[in-house]
Undergrad: 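After the structure tokens below, expect a handful of questions from me.
For clarity, every value in this text was computed on a predicted model and none was experimentally measured.
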Amino acid sequence: MAIKSSVGFIGVGIMGNPIGRHLIARGHELVVYDRSESAIQAMVASGATAASSIQDVVDRVSVVFTSLPSPAVFNEVMLGKGGIRDGSLVKVVVDLSTVGSRATKHAAAELLLNGIDLVDAPVSGGAAGAKAGSLAVMVSGREAAVTQVREMLETFGKIFMVGAEPGQAQLLKLLN
């Protein structure tokens with residue numbers, strides 16, 4: 001199978017691992033990073049390439065997925081030193097985490113100052129849905145960025161478009 005694109009993935013644990021595997025199965029080359037070395041190695045065993053840091057990921061690919069456990073980790077990964085904001089190649093980040101609309105809106109505004117679009121795409125369906133590729137993916141973000149990643153999102157779930165403003169998908173997830 002020909003490689004469709006190189007994509008970064010930060011946070012390849014319980015949810016990120018099966019989602020990442022779906023992307024690999026569809027022909028995407030994955031560059032992965034996680035705080036857990038065993039999580040990275042599990043993805044390498046599935047065909048991914050390991051990165052040494054968040055900065056390493058965002059300096060190698062233009063599209064990065066994140067699946068993060070908390071608002072604090074989300075904020076650090078997005079805006080901390082050596083985080084996504086500091087990437088030299090990244091242009092679109094797709095966040096699959098559930099971190100709340102305020103954190104998402106703030107990160108989106110800060111990232112956009114550096115020319116990086118945030119696609120807000122929290123998922124619902126748990127680990128079983130991630131493994132089955134049947135997640136509900138609530139999506140909000142600027143149209144061009146969403147269009148760029150839509151096919152990748154469809155590899156692991158059904159998309160529910162909410163709007164053009166990051167944070168709106170977080171609100172729909174909360175209501176769901």
Undergrad: Are V44 and V64 co-members of a hydrophobic cluster defined by side-chain heavy atoms under 4.5 Å apart?
TA: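 Yes, V64 connects to V44 through the hydrophobic network.
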Undergrad: Could you report the tightest heavy-atom contact between G13 and P18, atom names first, then the distance?
TA: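 Looks like O-CD, 3.9 Å.
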Undergrad: Can you list the residues that meet the side-chain hydrogen bond (donor to acceptor under 3.5 Å, both in side chains) rule with E76, with sequence neighbours excluded?
TA: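 Applying side-chain hydrogen bond (donor to acceptor under 3.5 Å, both in side chains) to E76 gives none.
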Undergrad: As an exercise, state the distance from CG of L79 to CG of D86, rounded to the nearest 0.5 Å.
TA: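 That separation rounds to 9.0 Å.
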Undergrad: What distance do S52 atom OG and D59 atom CG have between them, rounded to the nearest 0.5 Å?
TA: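 The distance works out to 9.5 Å.
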Undergrad: Would you mind reporting whether F65 and I10 have side-chain heavy atoms less than 4.5 Å apart?
TA: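 Answer no - side chains too far apart.
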Undergrad: For residues A39 and D34, report the shortest heavy-atom separation together with the two atoms involved.
TA: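 The pair with the smallest heavy-atom distance is CB-CG, 3.8 Å.
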Undergrad: Can you tell if the side chain of V94 reaches within under 4.5 Å of the side chain of V149, non-hydrogen atoms only?
TA: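 Heavy-atom side-chain distance check passes, below 4.5 Å.
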Undergrad: Is any side-chain heavy atom of V139 closer than 4.5 Å to a side-chain heavy atom of V146?
TA: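 A side-chain contact under 4.5 Å exists here.
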Undergrad: Before you tell me yes or no, could you show the steps for L96 and I19 under side chain to side chain contact (heavy atoms under 4.5 Å, CB included), namely the whole-Å CA-CA distance, both residues' side-chain angles and the distance that decides it to 0.1 Å?
TA: CA-CA 10 Å; L96 307 172; I19 292 169; 3.8 Å; yes
Undergrad: Taking the side chain as everything from C-beta on, heavy atoms only, tell me whether L135 gets closer than 4.5 Å to M15.
TA: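 Yes, their side chains come closer than 4.5 Å.
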Undergrad: Nearest 0.5 angstrom please: L153 CG to M138 CE, how far?
TA: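 Here the interatomic distance stands at 11.5 Å.
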Undergrad: Just jot down the side-chain contact (heavy atoms from CB on, under 4.5 Å) partners of L112, sequence neighbours excluded, or say none.
TA: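 Result, side-chain contact (heavy atoms from CB on, under 4.5 Å) vs L112: D117, R142.
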Undergrad: For M43 and N17, run side chain to side chain contact (heavy atoms under 4.5 Å, CB included): C-alpha distance rounded to whole Å, both residues' side-chain angles, the deciding distance at 0.1 Å, then the answer.
TA: CA-CA 7 Å; M43 289 305 300; N17 177 296; 3.5 Å; yes
Undergrad: For the atom pair OH (Y33) and CG (D56), what is the distance rounded to the nearest 0.5 Å?
TA: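 Y33 atom OH to D56 atom CG measures 10.0 Å (nearest 0.5 Å).
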Undergrad: Is it true that S46 and R21 share a donor-acceptor pair across their side chains at a distance under 3.5 Å?
TA: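 On atom types as modelled, these side chains qualify, holding a pair under 3.5 Å.
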Undergrad: Is there side-chain contact between M152 and L23, with at least one heavy-atom pair below 4.5 Å?
TA: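 In contact.
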Undergrad: Identify which one of V57, V93, V58, I54 satisfies the side chain to side chain contact (heavy atoms under 4.5 Å, CB included) criterion when paired with V77.
TA: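 Exactly one pass, corresponding to I54.
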Undergrad: With distance as the sole test, does Q170 use its side chain to make a donor-acceptor pair with the main-chain N or O of V99 at under 3.5 Å?
TA: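 Checking the backbone N and O of V99 against the side chain of Q170, a donor-acceptor pair under 3.5 Å is found.
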Undergrad: State, yes or no, whether a side-chain contact exists between L118 and M78 at a heavy-atom distance under 4.5 Å.
TA: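 They are in contact (side-chain heavy atoms under 4.5 Å apart), so the answer is yes.
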Undergrad: According to side chain to side chain donor-acceptor pair (under 3.5 Å), does anything in residues 131-141 pair up with another residue at least two apart or in another chain? List the pairs.
TA: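 Non-adjacent pairs meeting side chain to side chain donor-acceptor pair (under 3.5 Å): D120-S140.
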Undergrad: Please tabulate, for the side chains in residues 103-111, all donor-acceptor contacts under 3.5 angstrom to protein atoms that are two or more places apart in sequence or on a different chain.
TA:
unit_1, atom_1, unit_2, atom_2, d
T104, OG1, G100, O, 3.0
E110, OE1, R85, NH1, 3.1

Undergrad: So, S5 versus H28: side-chain donor-acceptor pair below 3.5 Å or not?
TA: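 H28 and S5 do have a side-chain donor-acceptor pair below 3.5 Å.
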Undergrad: Can you tell me how far apart CD1 (I24) and CG (L30) are? Round to the nearest 0.5 Å.
TA: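 Rounded to the nearest 0.5 Å, the CD1-CG separation comes out at 5.0 Å.
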Undergrad: May I ask you to check whether over 12 heavy atoms, not counting those of I14, lie within 6.0 Å of atom CD1?
TA: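 No, not enclosed.
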Undergrad: Ignoring hydrogens and geometry beyond distance, is a side-chain donor-acceptor pair present between K173 and T98 at under 3.5 Å?
TA: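 K173 vs T98: donor-acceptor pair found between side chains.
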Undergrad: Cut-off 3.5 Å, no hydrogens considered: what does the side-chain donor-acceptor table look like for residues 66-73, sequence neighbours left out?
TA:
unit_1, atom_1, unit_2, atom_2, d
T66, OG1, D95, OD1, 2.6
S70, OG, V73, N, 3.2

Undergrad: Taking the side chain as every heavy atom from C-beta outward, state whether V7 and E29 have any pair of such atoms under 4.5 Å apart.
TA: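 With C-beta onward as the side chain, the pair stays apart.
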Undergrad: If you compare all heavy atoms of A51 against all heavy atoms of V31, which two are closest, and at what distance to 0.1 Å?
TA: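 For A51 versus V31, the nearest heavy atoms are CB-CG1, 3.9 Å.
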Undergrad: With sequence neighbours left out, what residues match R150 under salt bridge (charged side-chain N to carboxylate O under 4.0 Å, His left out)?
TA: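 R150 satisfies salt bridge (charged side-chain N to carboxylate O under 4.0 Å, His left out) with E154 only.
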